[in-house]
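Please read the structure below before turning to the comments.
The first residue of the sequence shown is numbered 1, and numbering continues consecutively from there.
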Amino acid sequence: MQVEKLEKILPEVLQKLAKLKSGEAVASELSWCWVSFQNDQNPVGVIEKGQQALAIFEEAREKNAKAVSKKLVESLEIALN
């Protein structure tokens, strides 16, 4: 996990998840996991919720390619790896 990249992209990811009906719960969980990670440096929750966010983004892109930008998806994938 690339912390610096994730730190930069996370606000945009959370904002986009909140706009997607299926992503509201994941947005709040990812936000909580990020704060937890900053305290304990355990990335398990951030990675898990980040993967769920990617799945939601991919599903949204299948329905409407413009719903989530390809750049956002790629940036999140890079940050999580």
Side-chain angles (χ1 to χ4, degrees):
M1 185 172 89
Q2 298 179 19
V3 177
E4 300 83 21
K5 290 184 179 189
L6 190 57
E7 192 169 23
K8 288 180 183 177
I9 193 79
L10 196 62
E12 188 178 352
V13 168
L14 294 174
Q15 184 179 26
K16 185 56 77 174
L17 282 170
K19 287 182 181 180
L20 298 171
K21 291 177 184 175
S22 59
E24 294 170 341
V26 174
S28 65
E29 292 169 358
L30 181 57
S31 179
W32 185 90
C33 288
W34 178 251
V35 173
S36 176
F37 167 74
Q38 290 175 320
N39 291 322
D40 64 14
Q41 300 299 306
N42 184 349
V44 174
V46 175
I47 293 170
E48 180 181 323
K49 297 303 172 185
Q51 295 294 340
Q52 288 178 3
L54 280 173
I56 290 169
F57 289 165
E58 292 295 335
E59 183 180 313
R61 283 186 57 79
E62 285 177 15
K63 293 178 183 174
N64 178 2
K66 294 184 179 184
V68 180
S69 73
K70 185 177 179 182
K71 184 178 187 243
L72 179 61
V73 173
E74 290 173 349
S75 296
L76 182 56
E77 287 174 340
I78 290 168
L80 290 173
N81 290 327

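Here the closest non-hydrogen pair linking I9 and A79 is CG2-CB, 4.4 Å. Residues L17 and A27 come closest through the heavy atom pair CB-CB, 3.6 Å. Nearest approach of V26 to A53, heavy atoms of both residues: CG1-N, 4.1 Å. Residue G50 comes nearest to L30 through the heavy atom pair N-CD1, 4.0 Å, listed as atom of the first residue, atom of the second, then distance. Summarising the geometry of G23 relative to I56, their closest heavy-atom pair is CA-CD1, 3.9 Å, with the distance given to 0.1 Å.
Within the 4.5 Å cutoff, no side-chain heavy atoms of R61 are placed close to those of K66. Two residues are said to be in side-chain contact when any heavy atoms from C-beta on lie closer than 4.5 Å; L72 and F57 meet this criterion. Side-chain contact between F37 and V3 is present, with at least one heavy-atom pair separated by less than 4.5 Å. Between V46 and M1, some side-chain heavy-atom pair lies under the 4.5 Å cut-off. Side-chain atoms of L14 and L10, non-hydrogen and from C-beta on, do get closer than 4.5 Å to each other. Side-chain contact between E7 and W34 is present, with at least one heavy-atom pair separated by less than 4.5 Å.
Note: Q38 CD to C33 SG = 11.5 Å, rounded to the nearest 0.5 Å. To the nearest 0.5 Å, atom OG of residue S28 and atom NZ of residue K49 are 9.0 Å apart. The distance from atom CD of E58 to atom CD of E77, rounded to the nearest 0.5 Å, is 6.0 Å.
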Legend entry - Criterion salt bridge (charged side-chain N to carboxylate O under 4.0 Å, His left out) on K63 and E59, from CA distance to verdict: CA-CA 7 Å; K63 293 178 183 174; E59 183 180 313; 3.7 Å; yes
Inset, instruction - Apply side-chain contact (heavy atoms from CB on, under 4.5 Å) to the pair E29 and Q52, showing each step before the final yes or no. - result: CA-CA 10 Å; E29 292 169 358; Q52 288 178 3; 4.1 Å; yes
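At least one donor-acceptor pair closer than 3.5 Å links the side chain of S75 to the backbone N or O of K71. Panel note: side chain N39, backbone V35; a donor-acceptor pair is recorded below 3.5 Å.
Ion pairing between K16 and E12 fails under the 4.0 Å rule for side-chain N and carboxylate O.
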